[in-house]
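Heavy atoms only: backbone and side chains are in, while hydrogens, waters and symmetry mates are out. Residue numbers begin at 1 in each chain, while the letters A, B, ... track the order of the sequences. Given the structure is predicted, the values throughout are model-derived calculations rather than measurements.
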2 protein chains.
Amino acid sequence: VVSGAFLAIDWGTTNRRIYRIVDGHVIDTVRDDRGVTSIAAGGYPAEISKIRTMHGDLPIIMAGMVGSNIGWRMAPYIAVPAGLHDLAANLLWIDDRTAIVPGLSLLNDHRADVMRGEEVQLLGAVSAELVPDSSLLCQPGTHCKWAEISDAKITDFITAMTGELFFLLRNHGLLAAQLGEDVTISAAFEEGVDAGARGDLATSLFGIRASKLLGRRGDRDASSYASGLLIGADVAARLAETEHPMVYVLADAALGGLYVAAIKRRGHSARLIDSHDAFVAGSAT
Amino acid sequence: VVSGAFLAIDWGTTNRRIYRIVDGHVIDTVRDDRGVTSIAAGGYPAEISKIRTMHGDLPIIMAGMVGSNIGWRMAPYIAVPAGLHDLAANLLWIDDRTAIVPGLSLLNDHRADVMRGEEVQLLGAVSAELVPDSSLLCQPGTHCKWAEISDAKITDFITAMTGELFFLLRNHGLLAAQLGEDVTISAAFEEGVDAGARGDLATSLFGIRASKLLGRRGDRDASSYASGLLIGADVAARLAETEHPMVYVLADAALGGLYVAAIKRRGHSARLIDSHDAFVAGSAT
């Protein structure tokens, strides 16, 4: 979105990642827990000065929740279809070298959806030719985004609260005590993917408890099964709606690997794309 | 399960209800918050003495989580099909006038399920002729039970974590701030029922936030929509599997009314049955 030397910040709710970029190359990057919920109202100018002191006195472009009503200032939502040039044309300028990227919105008779921050990664992956300019992208996370790309624009997208549901189940409620183990791509995970594809989550989830009580599945496998269940429901619903045989998954290897495994289990192809490369490409275009 | 004068206790995780029953009639009943999680290990004999001092020195029959591994003593699970006589034949006798009703279990190649406490209400509804002896019963709650009754036995059942999911969403996570209003049978509830029937919960839930941000639905309607979504998913999945045109709903009028509305919205008939009457009938048989 800007060129030359600059700082790009992927500034989320609980974390942020700062990239120093020169001529499209990342010179250094640092991640910390100074997400928008840890910045006091009115604290952003001082925070930005500190960032420039630490990382260089450069133009700054920010994306993510920093542009929401819990961030610094509310950047607009741009309706899809939208490409990188639409983002660049709708930057919220704080001053002449500090800007926030707008979010994207979708609103029709059937549903409403929004994204804020993910659009830079998604469109960056296209501009860096990490993915074809017409493709289906999946960005797993707390709120998993699925985006349809046509002619290098996001034309449609949908958000699933998959990661958040897993977090809620793991930290609160009946199943929390059973879901302490790490998730692995295992037979239990694949069993979960198959069950999730039936789209009947509330009963499959109770089955985790009943299976323990009746000796059918131990807690060693419960996390993997539950993760497979949620990811499987997400993946099956999306694959039912697409013509694309291939899904490009933008994520780190651990979470992205789970989605790739689930997508392949459902008979589609999947390829993991490095999400940091995609963000940098999106910021630098 | 026993006759004459006795005390029946529906003893759950967080609450319990004590009935004094003489010749099949409830003489008095009291509900309090002395669920099993508030009784110390080893505290049950003293608790039972206190109950007999307050309500009468009578035989006691208990059902629910009091018979689980977090209760007084672990009563067995009896595999379905099972009727009231199977429960009576498998009582866990603490002493010669104090007994715990067994739970029910289902275990096959596809799934595992359990219930503990609900079986008395379900089979009580049949024995009191509140419902036909071959019918589909729905018992909404934290963990909603759906039971197939044939020839006065429970032959199949399934549990949906519908109420718990609503609780988790309402008390933790992204949507909590939006879900403070009471649930009403409204256009928003029915819209939720329709969306829930598509079986794609994780995206419909995120839509609650996006709809607020884009001005499509206010927080006044968000609780009703979310409740409709979860109940609609539960109801649609069950109705897809049944031949019964009618569902008998065992619940209080508020929660039961939501299920009755959702079932009718999905094109089936539904009738609300008083769940206390059913429990008493089950205990007294």
(request) Answer with side chain, backbone, both or neither: which region of A:Asp113 has an atom nearer than 4.5 Å to a non-hydrogen atom of chain B? (result) both

(message) Does any backbone or side-chain atom of A:Arg209 lie under 4.5 Å from a heavy atom of chain B? Answer side chain, backbone, both or neither.
(response) side chain

(request) Heavy-atom distances under 4.5 Å only: say whether A:Leu106 touches chain B with side chain, backbone, both or neither. (result) backbone

(message) With rounding to the nearest 0.5 angstrom, report the CD1 to CG distance, B:Ile78 to B:Asp86.
(response) 7.5 Å

(request) Would you check if B:Val193 and B:Val235 make a side-chain contact, meaning some heavy-atom pair closer than 4.5 Å? (result) no

(message) At a heavy-atom distance under 4.5 Å, which candidate from A:Ser204, A:Ala160, A:Gly199 has the highest pair count against chain B?
(response) A:Ala160

(message) So for A:Leu214, is it side chain, backbone, both, or neither that comes closer than 4.5 Å to the heavy atoms of chain B?
(response) both

(request) Tell me, for A:Phe167 versus chain B, whether the close heavy atoms (under 4.5 Å) come from the side chain, the backbone, both or neither. (result) neither

(request) Identify whether the distance between the nearest side-chain nitrogen and carboxylate oxygen of A:Arg216 and A:Asp221 falls below 4.0 Å. (result) no

(request) Determine yes or no for a side-chain-to-main-chain donor-acceptor pair under 3.5 angstrom, with B:Glu164 supplying the side chain and A:Gly173 the backbone. (result) no

(request) Flag the one option from A:Val114, A:Asp200, A:Thr203, A:Leu201 with the top tally of heavy-atom pairs under 4.5 Å to chain B. (result) A:Thr203

(message) Could you check whether any side-chain N or O of B:Ser38 sits under 3.5 Å from a backbone N or O of B:Gly35, counting only pairs where one atom can act as donor and the other as acceptor?
(response) yes

(message) Given heavy-atom pairs under 4.5 angstrom as the criterion, report whether the side chain, backbone, both or neither of A:His172 touches chain B.
(response) both

(request) Answer with side chain, backbone, both or neither: which region of A:Arg217 has an atom nearer than 4.5 Å to a non-hydrogen atom of chain B? (result) neither

(request) Pick one of side chain, backbone, both or neither for A:Leu165, based on which atoms fall under 4.5 Å of a heavy atom in chain B. (result) side chain

(message) Please check: side-chain N/O of A:Glu119 versus main-chain N/O of A:Gly117, any donor-acceptor pairing under 3.5 Å?
(response) yes

(message) As a test of understanding, state which of B:Glu118, B:Lys145, B:His143 forms a side-chain hydrogen bond (donor to acceptor under 3.5 Å, both in side chains) with B:Thr159.
(response) B:Lys145

(request) Check whether more than 12 heavy atoms from other residues, nucleotides or ligands sit under 6.0 Å from atom CZ of B:Arg238, and answer yes or no. (result) yes

(request) Please examine the side chains of A:Val36 and A:Tyr44, heavy atoms only from C-beta on, and report whether any two atoms are closer than 4.5 Å. (result) yes

(request) Flag the one option from B:Asp234, B:Leu230, B:Leu205, B:Thr13 with the top tally of heavy-atom pairs under 4.5 Å to chain A. (result) B:Leu205

(message) Please rank A:Leu175, A:Leu169, A:Leu174, A:Ile208 by heavy-atom pairs under 4.5 Å with chain B and give me the top one.
(response) A:Leu174

(request) Using non-hydrogen atoms and a 4.5 Å limit, figure out which bit of B:Leu168 sits close to chain A: side chain, backbone, both or neither. (result) both

